[in-house]
Novice: 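Sharing a structure, written as structure tokens. Questions coming.
Per chain, numbering begins at 1; letters A, B, ... match sequence-line order.
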Amino acid sequence: MDEAGKAFSICRRDIMADEAKLEKIRHSMAHVMAEAVLEIFPDAQIAIGPAIDNGFYYDFDLPRSLNEQDLEDITARMKAIIRSNKEFKRSVISRDEAKEMFKDQKYKLELIDAIDEGSEISIYNQGGFTDLCRGPHVESTKELNADAFKLLSVAGAYWRGKETNPMLQRIYGTAWLNPKDLRLYLDHLADIEKRDHRKLGKELDLFSLHEEAGPGLVYWHPRGARIRQAIENFWREEHYKNGYEMIYTPHVGKSWLWETSGHLGFYKESMYPKMEMDNMDYYVKPMNCPFHIMIYQNSKKSYRDLPCRWAELGTVYRYEKAGALHGLMRVRGFTQDDAHIFCTPDQMDAEIMEVLRFSLYMLHSFGFDDIHAYISTKPEKSVGEQEKWDAATEALKRAVEKEGISYDVDEGGGAFYGPKIDLKIKDAIGREWQLSTVQFDFNLPERFKLTFVDKDGSEKRPYMIHRALLGSIERFFGVLIEHYAGAFPPWLSPDQVAVIPVAESANDYACGIEKRLRLDGFRAKSDLSSDRMNAKIRKAQQMKIPYMLIIGEKEMENGTVSVRYRNGKQDNGLTYEEFASALKAKIDSKEQL
RNA sequence: GCCCUUGUAGCUCAGUCGGUAGAGCACCACCAUGGUAAGGUGGGGGUCGCCGGUUCAAAUCCGGCCGAGGGCUCCA
């Protein structure tokens with residue numbers, strides 16, 4: 001974790017104790033903001049203003065759009081209100097009194113009507129402003145710090161979140177106990193911006209998207225492809241080690257396949273439209289499952305053949321809504337690190353345990369240690385017998401408990417075809433991302449009438465488990481870029497070593513070193529441009545290359561290399577062998593530099 | 001879909017009151033041969049997102065369209 005991330009999470013920990021107080025502060029800030037806005041726009045209609053994570057907002061119906069200058073004016077007025085030491089006074093009033101008091105505020109009247117007959121109606125007054133409010137609030141604006149809040153943005157928001165309702169203007173703000181905490185939070189926001197994978201993807205020349213060639217479709221540049229290769233090679237090796245087989249399946253399939261699987265029934269909106277050929281309809285695959293099933297069905301299966309663990313880096317296409325697309329995180333074409341496990345009911349428990357253990361191992365390998373599980377159980381509308389659901393859900397719970405990871409249960413939150421576990425990791429600055437998913441599927445084995453012949457000669461239905469460890473390679477790559485802020489550990493770095501000759505006279509020696517590194521399996525590039533050495537170092541540094549070998553007169557004379565690390569440290573006068581073995585050890589360990 | 005912001009060179013951005021475009025980086029050429037984060041000089045490159053309107057004149061003003069970013073799910 002880097003400094004900003006560390007500072008912010010320490011600050012977060014301290015804050016936990018003050019959570020209740022902060023909520024009062026934030027909620028009170030919202031009221032102060034409403035007062036300030038009403039000073040500027042006396043006819044404003046005010047809606048709601050709750051405390052939220054890290055801050056607060058308030059929704060207004062205003063005669064015109066707010067701009068930057070307005071935020072400054074509102075901020076200045078808020079500071080004045082805070083400094084005037086107003087008390088927050090709570091009182092309980094009757095429904096009629098409330099209606100009279102807010103007779104010019106149509107949104108408030110709606111809210112009053114929504115309050116249960118039995119419950120009391122309370123208002124809070126802070127001098128110049130009275131709001132219909134359940135509370136709680138601070139005692140007085142004395143408890144608010146005029147230098148510990150900041151208005152962040154204005155956004156459109158529908159009244160009560162409904163598209164058919166009028167669009168209000170929502171002002172978001174952040175508020176803290178003291179200016180130092182505010183500073184930490186603002187630094188954290190700046191850090192998030194610096195880590196943005198879309199920005200780093202451009203700066204580090206990793207990938208691009210081309211709206212004119214199709215939105216949501218990813219182009220992997222050579223440097224991004226290097227990282228993808230490193231991920232995929234590791235992924236394949238580990239899958240073989242863990243008892244999986246690799247398969248490859250087609251990218252399109254006839255409508256028969258999608259009708260049988262049911263996708264044309266319940267998933268059609270997310271599928272690219274049909275391609276007609278010889279009076280038959282083909283569809284690009286949005287999922288790999290039906291194809292894996294075709295292989296399963298290719299021959300009669302015995303209990304002796306199970307479990308089948310078949311993995312594929314399968315590229316699928318889904319028509320995500322335009323507004324939902326976001327860099328690498330939400331795309332229309334992506335590669336799932338997919339696998340399907342077909343097993344007997346007896347094997348199911350052990351398979352689930354193993355899948356979870358394997359998932360955790362993979363996530364740890366990529367530097368993710370803070371992992372939380374979410375188990376989703378049977379929803380109201382579902383397929384499959386109750387006993388199967390129970391057995392599968394229990395197996396999922398046993399597995400997370402055995403691995404000792406914390407988990408939440410989302411009752412009724414599963415897909416209609418089976419229960420699942422999702423694993424969420426926390427990245428270097430504490431943000432959660434969902435990566436792994438392990439899902440039971442009681443639907444497809446039924447639809448495709450999958451069977452295996454059991455010991456007693458009878459045909460039985462196998463369990464089918466669908467799992468992805470990294471989720472999608474694109475999304476995982478996006479998360480990795482943000483997690484490492486572009487400074488990948490050596491095993492993933494697109495260029496591991498930059499060989500930098502001090503002057504042209506060292507070019508040949510540098511080329512020799514580069515060639516030797518390449519032959520030894522390292523990703524090395526020498527910089528033979530006419531730039532000065534300083535500029536070459538700067539460029540390598542900007543591309544976040546972990547190792548720079550500086551080659552000049554001294555090194556040529558002694559037959560050595562001088563190493564400059566990405567973090568600015570330096571090791572001079574190493575032999576090639578010393579450097580290469582240290583580099584290899586670092587790569588094998590998958591450690592960060 | 002709706003609200004706000006936004007679209008100028010490959011990238012990051014400037015362009016005042018309307019007078020048909022600029023900088024830095026990158027790229028190319030030449031000079032410089034330099035020891036730990038930018039050496040110098042010169043050059044090429046833009047139908048200012050698209051369509052229409054106002055005007056003698058539009059990157060700039062007006063209207064429409066398209067794209068991108070943030071938000072619309074924290075509930076008196």
Side-chain angles (χ1 to χ4, degrees), chain A residues 23 26-27 30-31 34 46-62 64-68 70-71 93 98 102 105 107-116 119-124 130-135 152-172 193 196 198-199 202-203 205 208-212 215 321-327 498 500-507 529-544 548-555 562-566 568-572:
Chain A
E23 196 185 326
R26 288 167 179 160
H27 195 169
H31 281 218
I46 61 175
I48 57 167
I52 56 174
D53 282 351
N54 304 324
F56 58 92
Y57 70 77
Y58 212 113
D59 287 345
F60 304 96
D61 196 344
L62 301 173
R64 63 168 174 86
S65 319
L66 295 171
N67 54 41
E68 285 295 310
D70 292 322
L71 289 190
I93 57 175
F102 293 103
Q105 288 292 342
Y107 300 109
K108 293 293 176 191
L109 289 176
E110 264 191 58
L111 293 173
I112 292 168
D113 285 337
I115 297 173
D116 289 340
S119 11
E120 62 183 20
I121 294 176
S122 58
I123 53 171
Y124 277 81
T130 305
D131 202 357
L132 176 74
C133 182
R134 177 195 291 147
L152 297 174
S153 60
V154 184
Y158 296 104
W159 165 237
R160 313 211 106 180
K162 264 214 199 109
E163 278 182 56
T164 47
N165 284 343
M167 176 69 72
L168 307 174
Q169 294 190 68
R170 174 172 298 180
I171 304 177
Y172 281 101
E193 211 174 308
D196 191 316
R198 293 165 300 181
K199 187 167 167 288
K202 221 181 259 182
E203 287 171 6
D205 197 15
S208 56
L209 296 155
H210 300 271
E211 199 277 316
E212 67 279 25
K321 279 195 236 150
L325 299 177
H326 178 85
I500 298 178
V502 173
E504 225 170 89
S505 55
N507 279 5
S529 68
S530 63
D531 284 327
R532 293 179 62 204
M533 179 204 61
N534 302 41
K536 292 179 187 179
I537 289 174
R538 182 164 194 267
K539 278 182 187 157
Q541 200 74 47
Q542 282 177 329
M543 294 313 270
K544 303 186 195 282
M548 283 156 260
L549 295 186
I550 314 294
I551 308 295
E553 289 297 321
K554 276 181 263 172
E555 288 75 15
S562 292
V563 189
R564 182 196 156 100
Y565 301 94
R566 180 170 61 196
K569 292 196 180 122
Q570 182 91 16
D571 268 329
N572 292 338

Novice: What's the closest nucleotide to the side chain of K554(A) if the choices are U36(B), U12(B), G35(B)?
Specialist: G35(B)

Novice: What's the CG-P distance between D61(A) and C72(B), to the nearest Å?
Specialist: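 Result: 18 Å.
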
Novice: Report the secondary structure of RNA chain B in dot-bracket form, marking unpaired bases with a dot and bases paired to a different strand with |, and treating Watson-Crick or G-U pairs with both distances under 3.5 Å as paired.
Specialist: (((((((..((((.....[..)))).(((((.......))))).....(((((..]....))))))))))))....

Novice: Quote, to the nearest angstrom, the P distance that separates G64(B) from A76(B).
Specialist: 38 Å

Novice: Looking only at the side chain of I550(A) (C-beta and beyond, no hydrogens), which of the listed nucleotides G34(B), G35(B), A26(B) gets closest?
Specialist: G35(B)

Novice: For the P atoms, the ones on A32(B) and on A37(B), what distance do you get once it is rounded to whole angstrom?
Specialist: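 Going atom to atom, P in each nucleotide, I get 25 Å.
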
Novice: So, using side-chain contact (heavy atoms from CB on, under 4.5 Å) as the criterion, who are the partners of E203(A) when residues are at least two apart?
Specialist: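 In terms of side-chain contact (heavy atoms from CB on, under 4.5 Å), with neighbours along the sequence ignored, E203(A) is linked to K199(A), L200(A).
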
Novice: So, using salt bridge (charged side-chain N to carboxylate O under 4.0 Å, His left out) as the criterion, who are the partners of D205(A) when residues are at least two apart?
Specialist: none

Novice: Could you work out, with side-chain contact (heavy atoms from CB on, under 4.5 Å) as the rule, every residue matching A47(A), not counting sequence neighbours?
Specialist: D59(A), Y107(A), W159(A), L168(A)

Novice: Suppose you measure atom C1' in A23(B) against the same atom in G69(B); what distance do you get, rounded to whole Å?
Specialist: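 Looking at atom C1' only, A23(B) and G69(B) are 25 Å apart.
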
Novice: If the P atom of A68(B) is compared with that of C25(B), how far apart are they to the nearest Å?
Specialist: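 That atom pair is separated by 32 Å.
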
Novice: What's the closest nucleotide to the K202(A) side chain, out of U12(B), U33(B), G35(B)?
Specialist: U12(B)

Novice: In this structure, how many angstroms lie between the P atom of G67(B) and the CZ atom of R198(A), rounded?
Specialist: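 Interatomic distance, CZ of R198(A) to P of G67(B): 18 Å.
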
Novice: Show me the protein contacts with nucleotides 74-76 of chain B, counting only N or O atoms at under 3.5 Å.
Specialist:
{"residue": "A76(B)", "atom": "OP1", "partner": "R134(A)", "partner atom": "NH1", "Å": "3.4"}
{"residue": "A76(B)", "atom": "OP2", "partner": "R134(A)", "partner atom": "NH1", "Å": "2.8"}
{"residue": "A76(B)", "atom": "OP2", "partner": "R134(A)", "partner atom": "NH2", "Å": "2.8"}
{"residue": "A76(B)", "atom": "O2'", "partner": "L132(A)", "partner atom": "O", "Å": "2.1"}
{"residue": "A76(B)", "atom": "O2'", "partner": "C133(A)", "partner atom": "N", "Å": "3.1"}
{"residue": "A76(B)", "atom": "N7", "partner": "R134(A)", "partner atom": "NE", "Å": "3.3"}
{"residue": "A76(B)", "atom": "N6", "partner": "E120(A)", "partner atom": "O", "Å": "3.1"}

Novice: Quick one: is K569(A) getting a side-chain N or O under 4.0 Å of the U36(B) phosphate, OP1 or OP2?
Specialist: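 Negative; the distance criterion is not met.
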
Novice: What distance do M548(A) atom CE and I500(A) atom CD1 have between them, rounded to the nearest 0.5 Å?
Specialist: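 Reported value, rounded in 0.5 Å steps: 6.0 Å.
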
Novice: Mind calculating the distance between CG (L152(A)) and C1' (G70(B)) to the nearest angstrom?
Specialist: 12 Å

Novice: Taking 4.0 Å as the cut-off, does a side-chain nitrogen or oxygen of R566(A) come that near to OP1 or OP2 on U36(B)?
Specialist: no

Novice: Partners of R160(A) by side chain to side chain donor-acceptor pair (under 3.5 Å), sequence neighbours excluded?
Specialist: none

Novice: Send over the distance from I537(A) CD1 to U36(B) C1', rounded to a whole Å.
Specialist: 4 Å

Novice: Nearest-nucleotide wise, let me know which of E504(A) and K539(A) is further upstream toward the 5' end of RNA chain B.
Specialist: K539(A)

Novice: Please assess K108(A) against D131(A) for the test salt bridge (charged side-chain N to carboxylate O under 4.0 Å, His left out), listing each intermediate value before the final yes or no.
Specialist: CA-CA 9 Å; K108(A) 293 293 176 191; D131(A) 202 357; 2.8 Å; yes

Novice: Calculate the interatomic distance between M548(A) atom CE and U36(B) atom C1'; express it in whole Å.
Specialist: 9 Å

Novice: Nearest-Å distance, CG (L325(A)) to P (A68(B))?
Specialist: 8 Å

Novice: Please check if the side chain of Q169(A) supplies one atom and the backbone of L66(A) the other of a donor-acceptor pair under 3.5 Å.
Specialist: yes

Novice: Going by the rule salt bridge (charged side-chain N to carboxylate O under 4.0 Å, His left out), which residues pair with D113(A) if we only count those two or more places apart in sequence or in a different chain?
Specialist: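 Salt bridge (charged side-chain N to carboxylate O under 4.0 Å, His left out) check on D113(A) returns K99(A).
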
Novice: Once side-chain contact (heavy atoms from CB on, under 4.5 Å) is applied, do any residues pair with A506(A), and if so which ones, sequence neighbours excluded?
Specialist: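 Scan of A506(A) (side-chain contact (heavy atoms from CB on, under 4.5 Å), adjacent residues dropped) gives P501(A), I551(A), M556(A).
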
Novice: Distance between the P atoms of U6(B) and U16(B), in whole angstroms?
Specialist: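 It comes out at 15 Å once rounded to the nearest Å.
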
Novice: In whole Å, measure the gap between the P atoms of G10(B) and C50(B) for me.
Specialist: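 G10(B) and C50(B) have their P atoms separated by 13 Å.
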
Novice: Across the strands shown, which category fits E555(A) at heavy-atom distances under 4.0 angstrom: base, sugar-phosphate, nothing?
Specialist: base

Novice: Salt bridge (charged side-chain N to carboxylate O under 4.0 Å, His left out) with K544(A): which residues, sequence neighbours excluded?
Specialist: none

Novice: On a whole-Å scale, what distance lies between the P atoms belonging to U60(B) and G53(B)?
Specialist: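 To the nearest whole Å, 14 Å.
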
Novice: Quick one: pull up CD1 in I115(A) and CZ in R134(A) and give me the separation to the nearest 0.5 Å.
Specialist: 8.5 Å

Novice: When every nucleotide of nucleotides 38-48 of chain B is labelled 5' to 3' by its protein contacts under 4.0 Å (heavy atoms), B for base, S for sugar-phosphate only, - for none, what sequence of letters results?
Specialist: BB---------

Novice: What protein N or O atoms touch nucleotides 2-5 of chain B N or O atoms at under 3.5 angstrom, if any, and at what distances?
Specialist:
{"residue": "C2(B)", "atom": "O4'", "partner": "Y158(A)", "partner atom": "OH", "Å": "3.3"}
{"residue": "C2(B)", "atom": "N1", "partner": "Y158(A)", "partner atom": "OH", "Å": "3.4"}
{"residue": "C2(B)", "atom": "O2", "partner": "Y158(A)", "partner atom": "OH", "Å": "3.1"}
{"residue": "C3(B)", "atom": "O2", "partner": "G156(A)", "partner atom": "N", "Å": "3.3"}

Novice: Report the residues that fulfil side-chain contact (heavy atoms from CB on, under 4.5 Å) with S529(A), sequence neighbours left out, ordered by chain and then residue number.
Specialist: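 With sequence neighbours excluded, S529(A) shows a side-chain contact (heavy atoms from CB on, under 4.5 Å) to D527(A), D531(A), K536(A), given in chain and number order.
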
Novice: Indicate yes or no for a side-chain donor-acceptor contact from Q105(A) to the backbone of I46(A) under 3.5 Å, with no hydrogens or angles considered.
Specialist: yes

Novice: Measure CG/L209(A) against P/G67(B) and give the value in whole Å, please.
Specialist: 16 Å

Novice: Reckon E203(A) touches a base, only the sugar-phosphate, or nothing at all at heavy-atom distances under 4.0 Å?
Specialist: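 Nothing, no nucleic acid heavy atom in range.
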
Novice: Would you say the side-chain atoms of S122(A) pair up with the backbone N or O of C133(A), donor to acceptor, closer than 3.5 Å?
Specialist: yes

Novice: Between Y58(A) and F60(A) (judged by ring centroids, cut-off 6.0 Å), do the two rings come close enough to count as a pair?
Specialist: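 Yes, the ring of Y58(A) comes within the 6.0 Å limit of the ring of F60(A), centre to centre.
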
Novice: Work out how far the C1' atom of G71(B) is from that of G46(B), and round it to whole angstrom.
Specialist: 33 Å

Novice: Can you check whether T130(A) reaches Y124(A) side chain to side chain, under 4.5 Å on heavy atoms?
Specialist: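 The answer is no; the side chains never approach within 4.5 Å.
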
